[in-house]
Undergrad: 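Structure in structure tokens, see below.
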Amino acid sequence: MRASSYFAPTLREVPAEAEIPSHKLLLRAGYLRKLGAGVYTYLPLAWKVIRKMEQVLREEQELINCAEMRMPTLVPKELMEETGRWGLDVVYKLQDRRKADFALGFTHEEVITDLARQELRSWRDLPVMLYQVQTKFRDEPRPRGGVIRTREFLMFDAYSFDRDVDAMDTSYKAQRTAYERFFQRIGLRYLIVDADGGAIGDLDNQEFMSLADAGEDTVLSCDSCSYAANAEKCPVNPPATSETATSVSLEEVHTPNARTIDEVAAFLGTASSMFIKTLIYSADGKPVVVLVRGDHTVNDVKLARLVGAAELELAPEAMVVAVTGAPVGFAGPVGLTGVPIYADHAVTVLQSAVTGANKADFHITGVAAGRDFTWTVAADIRVAEDGDSCPMCTSGTMRTTRGIEIGHIFKLGDKYSKAMQLDVTGDDGKLQAIQMGCYGIGMSRSLAAIVEASHDKDGIIWPISVAPFEVSIVVAARQDDAQYAAADAIYKSMKAAGLDVYFDDRDERAGVKFKDADLMGCPIRVVVGKGLATGVVEVKQRGTDVVETVALADIIQRVTVLKQQLLTALNPATHHV
RNA sequence: CGGGGCGUAGCGCAGUUGGUAGCGCGCGACAUUUGGGAUGUUGAGGUCGCAUGUUCGAAUCAUGUCGCCCCGACCA
């Protein structure tokens, strides 16, 4: 491709809307433009990267016998109602001229399951794995981070259909391997973490996380074993030792205007870890009391699963007053009756704690768990934190980092097949529900994740497997006939040699072209300039400062070898994450 | 949806006590330059997000509204 007739509008200044590196660079380097909040146009460069990612994905899916297909974007309301998802807030809805309702596909379990139940008859038809790469629509409450979370985005989604749980496990593992190879080949380092399945279910599911400061998720990983989990999933070990019982007695203390843990802790001069944080939740409209240590945070996901509530949120003020008899900020477990009390393990060993007195402007000190209050259920309901002991190997320590969720694989079991009567005749002649799995990769998000992980102050540094161009040629002085002729000849022969090459033949000053080349981020740069007088050109790898001088006659050969080396470095057989 | 911030030229921004708009970059032309975002001369480009109101007069004040960004909620 010749720059003189290409469309890659670069910006010298960073648009005010961008904050994270990938967003800034993708805008500046001419990959993306915003149309509205969470709605982006992928300019030629970005689209080319996406297409290259897709190609790698296709090769890997082919290896596990997963076939590409394409489902509609318009999904009839009736189908969505079968699984109860028509009413979800994230669904974009529209009507046709006959007033028929449709959803814009935000995922395709319903469509694929409908197809499968019409076509799959016998266990002999299984297994089947299918995938597509398609635009998804979700009415996100808050799009953010450029292309990290958008309302319209490109996603790979695959679905597996198996006769039983063992076969489903096999499909799940095959996809996991395909994912590992895919991410390695596109040069994106990742961590596989245990995750919460959200509304889709609570069977085995794992997320592929690209570690980045701009990530939306908190990831905990063990510094000793290989265990890692999303913070919303990560189990917390119960306290190893219980505190020795003390004979401190209860004392009511006046704490005027001190409502938060920090305020009361400062007022009393007591550490927040000695507090019992008492929160009133509304679980499907009914009050529930939750106790965690003052320095801990309630894990809403764990709590919702424990309580078994569909809707769980902090109770409105009126409910708090009704339950505790005090305004918000003075709740405590002592003397609370008639409401289920869920206590985190860490709370059940406290022996001289501070908590609210269920009375305005008063707290109680010297509170002993078991002696002064009891609980309905003691469980793990707090968010895991940096420094916690590992729930798997118990000898390691968990450390936190931020991560971008680039892939998620799920075992669905029979959740959708039962809801939608997807069954086949088994080898015993009886109908049985199919075991499903579903697998997703955020393509546009992965694009951003690569940039987050691979850039410097000058621009993007693409892994060669997905770079928009493998090589970029810069003619230092376009108006020098000899230079231009040489560069043009190199360009043509590189194309003939099968290299994906970008030729910056614009009549710009050399500096401008160098800056743009760095921004764009192609892995190999060839400069045709002064050296031409002695028959040489320069070769430089993006991200390094080593400049190689290569004889004109050897340039194709040299660049081809370099390309091969860079590709080999990304090969799953040799590339260890 | 709650909290905070911002809407003025393609991009980044300024605009005083209310008097009908400016700077830098970018863009066009010309000249001089030419290996890391050149310099000079000159030129084009704006219903100041939108609406209503106050006023002789509104980018500026008031009310409303729309949009965008960040934090939180939310995120199959």
Side-chain angles (χ1 to χ4, degrees), chain A residues 9-20 23-24 27-30 33-39 75 80 83-91 103 105-111 136-146 148-151 153 155 157 159 195-202 205 207 214-217 230 232 297 300-301 304 311-314 404-405 408-410 412 415-416 419 438-440 442 445 457-459 474-480 483 504 506-519 525 527-533 537-538 540 545 547:
Chain A
T10 57
L11 301 170
R12 293 195 183 205
E13 292 185 89
V14 184
E17 70 193 53
E19 255 184 26
I20 63 172
H23 193 194
K24 289 179 181 171
L27 288 173
R28 279 195 60 208
R33 286 296 182 264
K34 184 178 71 182
L35 185 58
V39 183
V75 184
M80 301 298 296
T83 52
R85 296 161 110 192
W86 174 255
L88 294 180
D89 288 340
V90 294
V91 181
F106 70 106
T107 175
H108 283 80
E109 280 81 12
E110 285 85 357
V111 178
K136 304 289 194 217
F137 297 87
R138 294 184 191 174
D139 190 358
E140 291 287 349
R142 181 151 92 83
R144 71 179 93 186
I148 299 265
R149 176 171 296 276
T150 54
R151 296 189 297 173
F153 59 98
M155 183 170 161
D157 52 320
Y159 305 87
D196 181 83
I200 204 155
D202 50 6
N205 71 96
E207 289 168 333
E216 299 179 292
D217 292 280
N230 192 311
E232 62 182 26
T297 306
D300 289 347
V301 175
E311 294 259 331
L312 185 77
E313 53 189 9
L314 276 173
I404 300 170
E405 180 191 345
H408 203 158
I409 55 179
F410 291 86
L412 292 175
K415 181 183 167 97
Y416 286 86
C438 72
Y439 316 90
R445 182 182 278 183
K457 64 175 173 47
D458 295 315
V474 171
V475 213
R478 164 69 225 255
Q479 69 288 347
D480 178 315
Q483 280 189 25
D504 196 341
R506 293 175 300 169
D507 189 12
E508 290 282 355
R509 297 170 64 83
V512 170
K513 289 185 275 198
F514 289 143
K515 288 288 184 189
D516 276 352
D518 286 347
L519 253 187
R525 190 187 72 187
V527 178
V528 180
K530 291 175 190 158
L532 191 66
V537 294
E538 291 161 22
K540 184 182 172 209
D545 45 16
V547 178

Undergrad: Of Phe410(A) and Gly529(A), whose closest RNA chain B nucleotide lies nearer the 5' terminus?
TA: Gly529(A)
Undergrad: How is Lys513(A) classified with respect to the nucleic acid when contacts are heavy atoms under 4.0 Å: base, sugar-phosphate, or nothing?
TA: nothing
Undergrad: Quick check on RNA chain B: between Cys438(A) and Ala37(A), whose nearest nucleotide comes earlier from the 5' end?
TA: Ala37(A)
Undergrad: Is any side-chain nitrogen or oxygen of Arg142(A) closer than 4.0 Å to OP1 or OP2 of C75(B)?
TA: no
Undergrad: Under 3.5 Å, is there any donor-acceptor pair linking the side chain of Glu538(A) to the base of G35(B)?
TA: yes
Undergrad: Does Arg478(A) contact U34(B) through a side-chain donor or acceptor facing the base, at a distance under 3.5 Å?
TA: no
Undergrad: For the C1' atoms, the ones on C74(B) and on A14(B), what distance do you get once it is rounded to whole angstrom?
TA: 38 Å
Undergrad: So, does the side chain of Asp516(A) form a donor-acceptor pair with the base of G37(B) at under 3.5 Å?
TA: yes
Undergrad: Which value, in whole Å, describes the distance between the P atoms of nucleotides U39(B) and A62(B)?
TA: 42 Å
Undergrad: Using the P atom as the reference point in each nucleotide, state the distance between C48(B) and C61(B) in Å, no decimals.
TA: 15 Å
Undergrad: For nucleotides C13(B) and U17(B), find the distance between their P atoms and express it as a whole number of Å.
TA: 23 Å
Undergrad: Does a side-chain heavy-atom distance below 4.5 Å link Tyr416(A) with Thr83(A)?
TA: yes
Undergrad: Is the shortest side-chain N/O distance from Arg12(A) to OP1 or OP2 of C25(B) below 4.0 Å?
TA: no
Undergrad: Looking at the side chain of Arg509(A), which of G72(B), A38(B), G36(B) is the nearest nucleotide?
TA: A38(B)
Undergrad: Side chains of Glu216(A) and Ile404(A): does their closest heavy-atom pair fall under 4.5 Å?
TA: no
Undergrad: Check whether any side-chain heavy atom of Ile20(A) sits under 4.5 Å from a side-chain heavy atom of Ile148(A), and report yes or no.
TA: yes
Undergrad: Rounding to a whole Å, what distance do you find between Leu11(A):CG and G24(B):C1'?
TA: 15 Å
Undergrad: Output the single nucleotide from G35(B), C74(B), C25(B) whose closest atom is nearest the side chain of Ala476(A).
TA: G35(B)
Undergrad: Taking only the side-chain heavy atoms of Pro15(A) (C-beta and beyond), determine which of C13(B), C11(B), G35(B) contains the nearest atom.
TA: C11(B)
Undergrad: Spell out yes or no: do the side chain of Arg28(A) and the base of G12(B) have one donor N/O and one acceptor N/O closer than 3.5 Å?
TA: no
Undergrad: Glu405(A) versus Arg445(A): any side-chain heavy-atom pair under 4.5 Å?
TA: yes
Undergrad: Donor-acceptor pairs under 3.5 angstrom involving side-chain atoms of residues 507-515 of chain A: please list them, not counting sequence neighbours.
TA:
from	atom 1	to	atom 2	distance (Å)
Lys513(A)	NZ	Val475(A)	O	2.8
Lys513(A)	NZ	Arg506(A)	O	2.9
Lys513(A)	NZ	Glu508(A)	O	3.3

Undergrad: Any N or O donor-acceptor pair linking the side chain of Glu508(A) to the base of G37(B) at under 3.5 Å?
TA: no
